[in-house]
There are 2 protein chains.
Amino acid sequence: MAKAKDAKNLDTSTGEKIKEAARKVFIKKGYAATRTRDIAEEAGINLALLNYYFRSKERLFQEVMSEKFQQLFSVIQPVINNEDLSLEEKVEILVENYIDLLLENQDLPLFVLSEIRVHPERFKQAVQVQKILKGSSLIRQVREKRPDIDPIHFVVSLLGMVIFPFVAKPILFASDSVFNEMMQERKRLVAQWIKAILKS
Amino acid sequence: MAKAKDAKNLDTSTGEKIKEAARKVFIKKGYAATRTRDIAEEAGINLALLNYYFRSKERLFQEVMSEKFQQLFSVIQPVINNEDLSLEEKVEILVENYIDLLLENQDLPLFVLSEIRVHPERFKQAVQVQKILKGSSLIRQVREKRPDIDPIHFVVSLLGMVIFPFVAKPILFASDSVFNEMMQERKRLVAQWIKAILKS
DNA sequence: AAATATTTTAATCAAATGATTAAAATTATA
DNA sequence: TATAATTTTAATCATTTGATTAAAATATTT
């Protein structure tokens, strides 16, 4: 075989170069505004190679999106189902980890959410998220502590307080440095506030 | 003159038919995925009329977006600057009014936010929102009550708790009816919770 | 080294797309 | 009613776009 799949080529192979360029361009422009030529140029490869390696723009996008969707939930899943953590510990870790993830990938939430909005049919993974969440240790612990309120309200509040600033950043925040400092401060505040409303 | 600008034609005129179709299609698909032919078909008019009345796809979009951007903030502005309302009253009214607005226009936040993300340069209006917010009566009242915390944290939390469910709806909620009931219940909860964390 | 398989390139296609044009139809004005 | 202005239509343009093809270049196997 002539395929360059040796260890040292795994991260610089043509396929990976294309995928990395696709991540960058798809996330920056969204699916519809992205031209396969943009990706090819960004990757420094011939346009035909994109189709040679990934068949179509659509399939390349699916690979990128599937990866980004997972990235968005892989931080949550191990925490919300860790039976060894108390409810308050879960809240603290979730907030801290999620803000750190989003600070490193600020366009992630809006990229995923806006593509889902336009093409909900492509995201059957979303149904699974609902199931995993519903059956999680976190939800059970919240229900025990506050049987009077649907636990999803607390989860939505936590996620809203953490994710929304990233989604509304262009409207609400002036500079990057102000935003970043604010989000560091916010780790402590959101954890504190969620714990407070769980008691209220 | 031959223009049909009589009162009875104002809402069914060709220009308004095009604009209404543009609202529908742009919001459903986003700018990049929208074809001017989609809008023409939706409006039941000849494609050339779109350019005759609005010059270009770009200009038609600007009109629609400007309208929708305003819609998203016109509910807030009068409340946050009403000197006659106490902080707690402002919180209650903001939450109630905003949830009602978004229940009637569920795609509004994600439509506006995702277009801003992809084309931030087109939204100079966003800077004004920051100014108006910063100088609002609401911010002053929050600062008085909690001088220890940057008031923007509270505003972001309120907006996050209210807007995020609409943004994450396809992922977090199964059916429309469940969602709508949940959001009605949420009016009371978010108001209560924001008031609580203002005291914590 | 020769033969074979894989990767890369330049050229090209067909369809889609935003926009324009010139003529026809309609409406308003004189 | 005749004339002028406005609106609407069908046809067409020039680009753009995703994808393909056939040949060239490179790497692998025998």
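Just so it is clear, the structure is predicted and the values come from calculations on it, not from any experiment. Lettering of chains follows the sequences in order, A, B, ..., and the numbering in each one begins at 1.
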Touch check for A:L50, heavy atoms < 4.0 angstrom, all strands: base, sugar-phosphate only, or nothing?
->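 No contact at all - A:L50 keeps every heavy atom at 4.0 Å or more from the nucleic acid.
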Would you mind classifying the nucleic acid contact of A:F54 as base, sugar-phosphate or nothing, using non-hydrogen atoms under 4.0 angstrom?
-> nothing
Has [X] got a side-chain N or O lying under 4.0 Å from the OP1 or OP2 atom of [N]?
{"X": "B:S56", "N": "C:dG18", "value": "no"}
{"X": "B:T36", "N": "C:dG18", "value": "yes"}
{"X": "B:T14", "N": "D:dT7", "value": "no"}

Euclidean distance, atom [atom1] of residue [X] to atom [atom2] of [N] [Å, nearest integer]:
{"X": "A:I45", "N": "D:dA25", "atom1": "CD1", "atom2": "P", "result": "19 Å"}
{"X": "A:R59", "N": "D:dA19", "atom1": "CZ", "atom2": "C1'", "result": "13 Å"}
{"X": "B:Y53", "N": "D:dT9", "atom1": "OH", "atom2": "C1'", "result": "13 Å"}
{"X": "A:L47", "N": "C:dT9", "atom1": "CG", "atom2": "P", "result": "11 Å"}
{"X": "B:F61", "N": "C:dG18", "atom1": "CZ", "atom2": "P", "result": "13 Å"}
{"X": "A:I39", "N": "D:dG18", "atom1": "CD1", "atom2": "P", "result": "8 Å"}
{"X": "A:K17", "N": "C:dT7", "atom1": "NZ", "atom2": "C1'", "result": "12 Å"}
{"X": "A:F26", "N": "D:dG18", "atom1": "CZ", "atom2": "C1'", "result": "11 Å"}

[X], nearest nucleotide to its side chain (from [options]):
{"X": "A:L49", "options": "C:dT8, C:dA10, D:dT7", "value": "C:dT8"}
{"X": "B:N46", "options": "C:dA19, C:dA10, D:dT9", "value": "D:dT9"}
{"X": "B:A48", "options": "C:dT21, C:dG18, D:dA19", "value": "C:dT21"}
{"X": "B:R37", "options": "C:dG18, D:dT8, C:dT7", "value": "C:dG18"}

Determine, using ring centers only, whether A:F54 and A:F61 are less than 6.0 Å apart.
-> no
Parallel, tilted or perpendicular, as decided by the 30° and 60° cut-offs, for the rings of B:W193 and A:F154 = tilted
Between the main-chain N or O of B:M161 and the side-chain N or O of B:R186, is there a donor-acceptor pair closer than 3.5 Å?
->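 Confirmed, B:R186 side chain pairs with B:M161 backbone.
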Which heavy atom in A:F111 sits nearest to a heavy atom in A:F26, and how many Å separate them?
->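 Here A:F111 and A:F26 meet closest at CE1-O, 3.4 Å.
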Check the side chains of A:Q128 and A:K131 for a donor-acceptor pair under 3.5 angstrom, ignoring hydrogens and angles.
-> no
